[in-house]
Each structure stands twice: as C-alpha cells, then as structure tokens.
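Remarks on the structure that follows.
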Amino acid sequence: MSDEDITLTAGDAEVTVQPGNGGRVGGLRIGGVELLRQGERFGCFPMVPWCGRIRDGRFLDGAEVRQMPLNAPPHAIHGTVRDHAWRTARTSRDEAVLTYELVDPWPHPGLVTQIVALTEDALTLTMSVETYESSFPAQIGWHPWFNRNLGGEDVTLDFAPAWQEERGDDHLPTGNRLDPKPGPWDDCFGMPGGVEATLTWPGQLELKVTSRQEWVVVYDEQREAVCVEPQTGPPNGLNTLPRLVTPLEPLEATTTWSWRRL
C-alpha cells in the first residue's frame, strides 16, 4: 500500500496518520479543533529504536560500540524511524497499521509495527519492535506536540511522578534521582505505577495521557506546545538501562490519550 496520508474518524474525532513522514500522527482534531502542533517536524512521532539523546551518539551493543549519526550534536536523538517513510499494512475507518524495517545506520535488522486506533473519546498508539536474527538493545516512545493554546486559556499539566532524573549540563540524566521540581521542563520523570498525565485547556478540553511504561519526558520550554512523552526507558537508556529485543521477546509499548469536553 502507498505511504499517502490516512484519515481516521470516530464520532467528532479525526486523526491524520502520515506513513510517509516518519509514521507520525500528523493531526488530532476534536470537534474540528486541532490539538497537535502542525508542521512537518511536529504532530506526534514515534521514537524508535531509542528515545531522547544517546551520549555522543554511542551505545554498547554486546561487546561492540556502535556510533549513530549526531543529529543533535554532540548527541544522537529520538531514533531513526521519524526520518523515513513507513509502509501502510492495512487501514479501516478508525484504525491504521504501519510497519517499518530497520535499516542503516541502525546495525540490526528488525521490524517496527505501529497501530493507531481511534474511538469517539480516545486514541491508542501501540508499537512493537521484533527481530528474527540477532538480539539488540532498543527503546520505544512517542513524542507528541500538544498545542499550548486552543483559542482560550493556555493548557495546564498535572502529573505526580515519584522522582525526577537529575539532568546534567549535557541534557542527559546523571543517574541521580531528585524530588520533582517545578517547570519549565526538558526532563525525564519516573512513574513506577505507569504514566498518567492530564492536560487541561480550561473551559475547553481535558486530555489524559496514560501508559503502562514508567518513564515520561516532559518538554514545555518553548512557547507553542507542551510535549508529554511516554517511553520504555530514560534518555541514554541504551547505555544505562538496556532492554534487549530478542527473537523470542519483542519490545512492546502502548499509550492512550483519552479526552472529555469541559
């Protein structure tokens, strides 16, 4: 199937999926109001096979040090798949299934599958990475850019993490855990019971971001948008908290955005 944009609908919710632009969700409209920042780099893109920054673009793969392109010098950031076209495996009125074969510069073959499923009051994103050959460390995450303002008051963010990863001058976690500090943030937080964060546009809409994963990065240091990014490990996690994808054990993650009118 082609990599043309796909439109999903359920009730008054409409989602644009962009296989040709990194497999991202390019738009989420509720009653005609766009919730995601628009633009080629924005929407909500999948972060695979790593999330956030890798220190100096290097990670340990077994006994071998691998070098990824430094797309955020001096680091590598947000994986490789957001820069390439995905394949549309199947679509229906309210669901799309996309796939992507991992290729160079990632050193291992693997298949990434993403399912985008829409209901009248929720969007669920599910992703998996599987391999039929050598095992490798990987991460999964999503990077949504929620519009700070929908035409009324600015959004507020409510979440209750157990800790905040101390951020070094290089923007990477130092390994120390802190009591959560007030924003603005470009920081990783731990939520061992699963990610739950509520974005509220007063008088308009409440949206909950949930995931069984226990890591979330919040980025709200710029004017246009607020990013709430559930992921399977912290930034630089390929080095500090590696999770192996093996032929017997794929890596899987899900996040759900559910909303209600105010």
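Side chains are part of it too, since the values below use all heavy atoms of this structure and drop only hydrogens, waters and symmetry mates.
Y219 and E221 are not linked by any side-chain donor-acceptor pair at a separation below 3.5 angstrom, with hydrogens and angles left out of the test. Residues Q67 and R58 bring a donor and an acceptor atom of their side chains to less than 3.5 Å of each other. Under the 3.5 Å distance criterion, with hydrogens and angles disregarded, no donor-acceptor pair is assigned to the side chains of H75 and N236.
For the pair I140 and S128, the tightest heavy-atom approach, listed with the atom from each and the gap, is CD1-CA, 4.0 Å. Taking all atoms of both residues into account, the shortest heavy-atom contact from P19 to T88 is CG-OG1, 3.3 Å. Scanning both residues, A13 and L118, for their nearest heavy atoms gives O-CD2, 3.7 Å. When all heavy atoms of T232 and Q139 are compared, the closest pair comes out as OG1-CA, 3.4 Å. Across E101 and L111, no two heavy atoms sit closer than the pair OE2-CD1, 3.8 Å. Of all non-hydrogen atoms in P230 and V209, the two that sit nearest each other are CG-CG1, 3.8 Å.
Salt-bridge check for E165 with R177: passed, with a basic side-chain N closer than 4.0 Å to an acidic carboxylate O. One finds a salt bridge joining D170 and R55 here, because a Lys/Arg side-chain nitrogen approaches an Asp/Glu carboxylate oxygen to under 4.0 Å.
Judged purely by atom type and a 3.5 angstrom limit, N239 uses its side chain to pair as donor or acceptor with the backbone of L60. Formation of a donor-acceptor pair under 3.5 Å by the Q213 side chain with backbone atoms of W215 is not found in this model. The backbone N or O of R167 lies less than 3.5 Å from no partner atom in the side chain of D187, so there is not a single donor-acceptor pair. Remark: side-chain polar atoms of W86 are not paired, donor with acceptor, to backbone N or O of R82 under 3.5 angstrom. Between the side chain of W259 and the main chain of R261, no donor-acceptor pair closer than 3.5 Å is present. No side-chain donor-acceptor contact under 3.5 Å links R90 to the backbone of L98. Of the possible donor and acceptor atoms, none in the side chain of T124 sits under 3.5 Å from a partner among the backbone N and O of T256. Side chain of W142 to backbone of E229: no donor-acceptor contact under 3.5 angstrom is found. Not one N or O on the side chain of T198 forms a donor-acceptor pair closer than 3.5 Å with the backbone of K208. Remark: side-chain polar atoms of N147 are paired, donor with acceptor, to backbone N or O of L36 under 3.5 angstrom.
Summarising the geometry, atom OG1 belonging to T156 is positioned 11.0 Å from atom CZ belonging to R148; distances are rounded to the nearest 0.5 Å. One finds the SG atom of C227 at 9.0 Å from the CZ atom of R37 (value rounded to the nearest 0.5 Å). The structure places CG of L244 at 10.0 Å from CG of L251, a figure rounded to the nearest 0.5 Å. Rounded to the nearest 0.5 angstrom, L178 CG and E166 CD are separated by 5.0 Å. Atoms CG and CH2, from L207 and W201 in turn, are 5.5 Å apart once rounded to the nearest 0.5 Å. Here the CG-CG distance, from L172 to D56, works out to 8.5 Å after rounding to the nearest 0.5 Å.
Under the 4.5 Å side-chain criterion, counting only non-hydrogen atoms from C-beta, T99 is not in contact with V112. Contact of the F45 side chain with the N21 side chain is not registered, since no non-hydrogen atoms from C-beta on lie closer than 4.5 Å. Looking at heavy atoms from C-beta onward, Q114 lies in side-chain contact with P46 at the 4.5 angstrom threshold. The shortest distance between side-chain heavy atoms of C51 and P235 does not fall below 4.5 Å.
Taking the ring axis of F59 as reference, the NZ or CZ atom of R66 does not stay both within 45° of it and closer than 6.0 Å to the ring centre.
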Can you list the steps and then say if D121 with T119 is a side chain to side chain contact (heavy atoms under 4.5 Å, CB included)? CA-CA 5 Å; D121 58 4; T119 66; 3.3 Å; yes
Might you work through the side chain to side chain contact (heavy atoms under 4.5 Å, CB included) test for R24 and E40, ending with a clear yes or no? CA-CA 10 Å; R24 78 189 62 215; E40 186 179 5; over 6 Å; no
Would you please test T210 and E196 for side chain to side chain donor-acceptor pair (under 3.5 Å) and show each step? CA-CA 5 Å; T210 57; E196 181 172 323; over 6 Å; no
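Applying the side chain to side chain contact (heavy atoms under 4.5 Å, CB included) test to R29 and every residue at least two apart in sequence or in another chain returns E14, T16, E34. Residues forming a side chain to side chain contact (heavy atoms under 4.5 Å, CB included) with R93 (at least two apart in sequence, or on another chain): T9, A10.
Under the 4.5 Å side-chain heavy-atom criterion for Ile, Leu, Val, Met, Phe, Trp and Tyr, V245 and I115 are members of distinct hydrophobic clusters. Residues F189 and W163 do not share a hydrophobic cluster, defined by chaining ILVMFWY side chains whose heavy atoms lie under 4.5 Å apart. A continuous path of ILVMFWY side-chain contacts below 4.5 Å connects F146 to L125, so both sit in one hydrophobic cluster. Under the 4.5 Å side-chain contact rule for hydrophobic residues, M191 and V226 share a cluster. Taking hydrophobic clusters as Ile, Leu, Val, Met, Phe, Trp and Tyr residues chained together by side-chain heavy-atom distances below 4.5 Å, W145 does not share a cluster with W257.
Aromatic rings of H78 and H143 (six-membered ring for Trp) have centroids within the 6.0 Å cut-off, being under it.
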